[in-house]
There are 2 protein chains.
Amino acid sequence: MELSSRKKQILKVVVEDYIETAEPVGSKVIAAQMEGKISSATIRNELADLVEMGYLEQPHTSAGRIPSPKGYRLYVNELMEKHALSVAETEKINEALHIKMAELDDVISQAGQMMSLLVQYPTYMMAGGKGAETLQRAELLFVDENSIIVVLMVSGSRVKSKLLKSDLPITAEQLPALSELLNRHFTGIGAAELGHRLMDLSGSVPPELFLLLSAVVSYATEILEEAGKQEIITAGTNRLLKLPEYRDVDKAHELMSFLDSKKNLPIPAAGAPVEILIGPENVDQALKDSSVVVASYDIGDNMKGLIGVVGPTRMDYASVAARLSYFAEGLTKMFGKNELPAKKETKDE
Amino acid sequence: MELSSRKKQILKVVVEDYIETAEPVGSKVIAAQMEGKISSATIRNELADLVEMGYLEQPHTSAGRIPSPKGYRLYVNELMEKHALSVAETEKINEALHIKMAELDDVISQAGQMMSLLVQYPTYMMAGGKGAETLQRAELLFVDENSIIVVLMVSGSRVKSKLLKSDLPITAEQLPALSELLNRHFTGIGAAELGHRLMDLSGSVPPELFLLLSAVVSYATEILEEAGKQEIITAGTNRLLKLPEYRDVDKAHELMSFLDSKKNLPIPAAGAPVEILIGPENVDQALKDSSVVVASYDIGDNMKGLIGVVGPTRMDYASVAARLSYFAEGLTKMFGKNELPAKKETKDE
DNA sequence: TTTAGCACTCATTTCTCTCGAGTGCTAAAC
DNA sequence: GTTTAGCACTCGAGAGAAATGAGTGCTAAA
């Protein structure tokens, strides 16, 4: 059964008022905010209907009404006006996105902090491939007889490197052979496969090389496993404490621990640009009284990242969703064209 | 003026009891815990003295006593028994330290989390050079005509790498020259100097190379600046909320924001293995009611790291300090001999 | 110097009371 | 049939007031 347009309007006022004040909304306040003059008594009748239909709730008999998850859902789906970002805000976001990218992880963490600052709620960010990271290429650089630099390029255009030290002396001459070995036998495969390949080669490689080789492969395995593992970064968790619904320390602690545990955080449904999960729509117990707005973005061609905002159910869905989708869009663009800055013009005078 | 040994014993009981319970300690409780039977009345006389001398405080007339910062200080300096770690605990720490080290930052962050788990207080970790990081060596690897991998080795044996993409085509032939240029003119100097060197070369390098060169140098500058910046990682800040002294949400929020801001966190005095800062001994306002135990460790030859624990003034100094110093020691050892694992024996059957 | 005894203090807990925002219902007005 | 005004009613929040009890300070005796 469809709601009358007046009921919808009332629902909208209730949601928006409650978002702002975190206090139950009374009939009088609603009457004042409705266009067209309707008395508070009429509103009360409508409110009673809305409660009956499950869109609103009453904390106790003589309190105002607050939206139920069902009410929020309707609001999000139909009533919410696309929140347009002001020029100033847009610029702020753009600025944040142009932060010099040092490394992927850092950028992502930066972005999370920025977002948290912007919406005043905690955020979480996840970056990672689809679990099928493979080794693309390996290079070895000679440093001195006890150390070499290993450079690995993994799928998704990420590069990792490390200084390996060895007890056994290494000669510069060994490296080309080793490097060739690596690129011939170990590229294009995932972490699980690396170990097997190493075994296969154990007979056919000179022992002094094999030692080095296995060290390098072990490092590669580590890198791939880590890249495959979806790492989650959180930012601004302490903002929760500023919100009235988390003045209850135990509640705040439960949620913060959950965020810190970095497990089971909601991920957006495939395809949807921004997803909104309200209260009980969340799977995890710790989130049952909170809401999550989450968006995904693309990193390169075959990786996806994800950024989410966690807050009370009364969070300002319109504005958070707008910011988030704009932000995610920006991140996608940013990771898409990651090119050499050609800003400095070369002049020969 | 020296305290009588009985006064000291009383002080010790008060401190330890208060650490455990977070409640003011009454004369009766003390009497029960003192060896040799002394009546609570006698204790009260002694307590009055201790208050007068500034070692204890009374929240209000008819409450028990709690230690003042001065009292804690005496406890830490003289009364505290070196807390011996149990075998189980030692093993736990050892285990944590053997976590596979993926990258410096990760290890450090891991260590912080582990420590936080161990002492049940928030921790912060800092790693970084002495601000005088220099570029040691640069290598370039050809990927395809639009991208190259830049590998930089900075002082302290750290390696960083990145994939650079370019609009202009790059040929494999250009790289050796570029690499030679980099290693000849840009090694051994710090971030600030890099820009100047680039300027000096602007005339003498072919323009198409110069474009690439400046991109690489700009990346190098970034890396060095970041390495120089002392980055601070925190862990377990939410544990604060479990402690009675931070049930007051505003207090908790102040401290947590301070930790999140990652500024002005105490650093240990040079030389001392572990430093304990009690309440007002801390410089920053947000820490005036809390205490910090901080230790430093060595990373390689010319870098120092730092790990600190933040908690209420009644924190269990003995145990925290013991764990921390053991941990820091372990970290130093661990970073010291970072060698190739020679575990796998090579057999040719 | 130590101890027992007792009056006193004061934070905490419990309860009672009041206040008022907001409701539900009824009956009249539109 | 819908809207409105009016009024009794509910119930949480907040303010005191009173009871509680842990712990003290002081005095006088051991």
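Proteins get letters first, then strands, A, B, ... in listed order; numbering begins at 1 in each.
- By the 4.5 Å heavy-atom criterion applied to side chains, Val310(B) and Tyr121(B) are not counted as neighbours.
- In DNA chain D, runs of at least 3 stacked Watson-Crick or G-U pairs (N1-N3 plus N6-O4 or O6-N4, or N1-O2 plus O6-N3, all under 3.5 Å) give these stems: C:1-30 with D:1-30.
- Sorted by first and then second residue, the pairs that involve residues 319-328 of chain B and meet salt bridge (Lys or Arg N to Asp or Glu O under 4.0 Å), not counting sequence neighbours, are Glu89(B)-Arg323(B).
- For the pair Leu50(B) CG and dG25(D) P, the interatomic distance rounds to 12 Å; values are reported in whole Å.
- Ile10(B) places its CD1 atom 16 Å from the C1' atom of dG23(D), with the value rounded to the nearest Å.
- Gln33(A) pairs by the side chain to side chain donor-acceptor pair (under 3.5 Å) definition with Asp17(A), not counting sequence neighbours.
- Rounded to an integer number of Å, the gap from CG of Leu56(A) to C1' of dT23(C) is 14 Å.
- Per the geometry, CD1 belonging to Ile30(A) stands 11 Å off C1' belonging to dG22(C), to the nearest Å.
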* Can you give one letter per nucleotide of nucleotides 1-20 of chain C, going 5' to 3': B for a protein heavy atom under 4.0 Å from the base, S for sugar-phosphate only, - for none? -> -SBBB---BBS---------
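- For Leu47(A) and dC25(C), the CG to P distance is 14 Å, given to the nearest whole Å.
- Between Asp49(A) and Arg6(A) there is no salt bridge, since none of the side-chain N atoms of the basic residue sits less than 4.0 Å from a carboxylate O of the acidic one.
- The closest side-chain donor-acceptor pair between Tyr246(B) and Ser290(B) falls under 3.5 angstrom.
- Remark: Arg73(A) engages Glu281(A) in a salt bridge (charged side-chain N to carboxylate O under 4.0 Å, His left out) (not counting sequence neighbours).
- Atom CG of Asp49(B) is separated from atom P of dC26(D) by 12 Å (rounded to the nearest Å).
- The side chain of Arg65(B) contributes an N or O atom lying less than 4.0 Å from OP1 or OP2 of dT24(D).
- The side chain to side chain donor-acceptor pair (under 3.5 Å) test applied to Tyr317(B) returns Ser291(B), not counting sequence neighbours.
- Rounding to whole angstrom units, NZ of residue Lys28(A) and C1' of dT4(D) are separated by 15 Å.
- One interatomic measurement links the two molecules: CD1 of Ile43(A) to C1' of dT2(D), which rounds to 14 Å at whole-angstrom precision.
- Heavy atoms of other residues, nucleotides or ligands lying less than 6.0 angstrom from NZ of Lys8(B) number more than 12.
- Judged purely by distance below 3.5 Å, without hydrogens or angles, the side chains of Thr42(A) and Ser39(A) pair a donor atom with an acceptor atom.
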